[in-house]
Student: 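Quick one: the structure is below, questions incoming.
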Amino acid sequence: LAGLIQAAILFGIGQLLVRDSAVAGLVEETAPNVQTAARLLVGWLEDHPEISVHSTYNVLFYIFASINQLSTFFIVFMTLPHLISKDLSSQAILVYSSKALSRWDYLIGKFGVMMGMLTIGWLGPNIMAWCLGNVLAPDWGFFWHSKMALMHTVFFIGTSMVALSIIALGISSISANEKSIGTVWALIWWVGGAFAPLASRLDTPSLQYVSLSLDLKQWCSWVFDLQKDLSLIQDQVQGFGDALYKAAMSINPNWLTSHVQG
């Protein structure tokens, strides 16, 4: 569902370039300031697609990848009981150890399960949105001009998946009680998130990195490096640029404020 919504947004931006499209007709019936922003965006997309498509897609996929981080909590929460803890409780791990199966083979298999679930629920929808959005775009050049947005998305989500999978394996090996494992993960995610605002009050910035969600947001911001893109969109397409800037700011205001204004 998230991937289809993302693809629909990309499709709508592409349809602005088609003069007689339904999206263009809807824009003509909106407020004058929206029409002005849309015309500026269309002109920018047509005149400089190598810059405009790259910048727009990069900011949008930063927003997509950041918002979809919440799904990782539920994916890990639902998968954890079926990893190492289940084998500990059922004594299946003793059967595995008696076979020609090394510890590394076992861990790699469990690691692959976690990576597979995160691929289905996080990486997959973003790649699908990029492919579908570009297939429905009015110009095949969108594939080439938006390639960096895809590379940033795959690199950020891929590295985050590796880190989360390793953490999940560690948590799953703590106890044979499958029900308690989910509680441990929830405590690490939500209680750790409470340290972020607390760190600013105690004047201990390093304490905020106990929060996994904040760590993911900071890593996402570093990978996508939005300073140039946001400034360019704001300057070229005032209305659309302001909307994208506010949306990106709502994802991670502290990091973006210090970098974009600097």
Side-chain angles (χ1 to χ4, degrees), residues 1-3 5-6 61-89 107 110-126 129 152-153 155-224 226 246-259:
L1 180 60
I5 293 173
Q6 294 168 202
F61 273 90
Y62 162 81
I63 297 173
F64 296 158
S66 299
I67 293 176
N68 287 346
Q69 288 176 23
L70 183 61
S71 65
T72 62
F73 167 79
F74 296 102
I75 294 170
V76 175
F77 182 82
M78 298 299 294
T79 310
L80 269 176
H82 302 283
L83 296 177
I84 300 176
S85 58
K86 186 175 183 178
D87 293 339
L88 290 174
S89 63
L107 290 175
K110 295 297 182 179
F111 177 81
V113 170
M114 193 69 256
M115 288 287 289
M117 292 300 296
L118 288 171
T119 298
I120 294 171
W122 192 12
L123 180 61
N126 281 275
H152 290 159
T153 301
F155 180 70
F156 160 66
I157 296 181
T159 52
S160 300
M161 285 167 49
V162 171
L164 289 174
S165 297
I166 293 174
I167 294 172
L169 288 178
I171 296 174
S172 182
S173 64
I174 292 175
S175 172
N177 189 334
E178 299 176 30
K179 295 181 180 179
S180 65
I181 292 300
T183 304
V184 173
W185 167 250
L187 287 174
I188 290 176
W189 184 277
W190 297 112
V191 175
F195 280 96
L198 184 63
S200 58
R201 298 179 183 177
L202 298 177
D203 197 22
T204 52
S206 58
L207 190 62
Q208 65 181 327
Y209 297 110
V210 176
S211 170
L212 287 176
S213 58
L214 179 64
D215 292 339
L216 288 175
K217 290 179 181 179
Q218 298 293 72
W219 177 233
C220 184
S221 299
W222 185 87
V223 170
F224 281 84
L226 299 186
K246 291 176 181 178
M249 283 287 292
S250 66
I251 300 295
N252 197 355
N254 295 330
W255 191 93
L256 286 174
T257 301
S258 60
H259 283 70

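Here, residue 1 is the first one in the sequence, and each next residue gets the next number. Please read these numbers as outputs of a predicted model, since none were measured by experiment.
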Student: Aromatic ring centroids of F61 and F64 under 6.0 Å?
Tutor: yes

Student: Please report the interatomic distance CE(M114) to OG1(T79), rounded to the nearest 0.5 Å.
Tutor: 4.0 Å

Student: I'd like to check Y62 versus S221 (side-chain heavy atoms, cut-off strictly below 4.5 Å). Are they in contact?
Tutor: yes

Student: Rounded to the nearest 0.5 Å, what's the gap from CG on L123 to CG on L118? Could you check?
Tutor: 9.5 Å

Student: Give me the atom names and distance for the closest heavy-atom approach of Q6 to N126.
Tutor: NE2-OD1, 3.5 Å

Student: Return a table of donor-acceptor pairs under 3.5 angstrom between the side chains of residues 160-169 and protein atoms on other chains or two or more places apart.
Tutor:
from, atom 1, to, atom 2, distance (Å)
S160, OG, F156, O, 2.8
S165, OG, M161, O, 2.7

Student: Would you call L212 and W185 a side-chain contact if the rule is heavy atoms closer than 4.5 Å?
Tutor: yes

Student: Got a sec: does the CZ of F111 have more than 12 other heavy atoms crowding it under 6.0 Å?
Tutor: yes

Student: Might you work through the side-chain contact (heavy atoms from CB on, under 4.5 Å) test for I181 and I171, ending with a clear yes or no?
Tutor: CA-CA 7 Å; I181 292 300; I171 296 174; 4.0 Å; yes

Student: Is the backbone N or O of G170 less than 3.5 Å from a side-chain atom of S173, with the two atoms forming a donor-acceptor pair by type?
Tutor: yes

Student: Please identify each residue that fulfils side-chain contact (heavy atoms from CB on, under 4.5 Å) with S172, with sequence neighbours left out.
Tutor: L80, L83, I84, S85

Student: Kindly assign one of parallel, tilted or perpendicular to the pair F73 and W190, based on the angle between their ring planes and the thresholds 30° and 60°.
Tutor: perpendicular

Student: Identify the two heavy atoms, one from A65 and one from W122, that lie closest to each other, and give their separation to 0.1 Å.
Tutor: O-NE1, 3.6 Å

Student: Identify, with sequence neighbours excluded, every residue that meets side-chain hydrogen bond (donor to acceptor under 3.5 Å, both in side chains) alongside S71.
Tutor: none

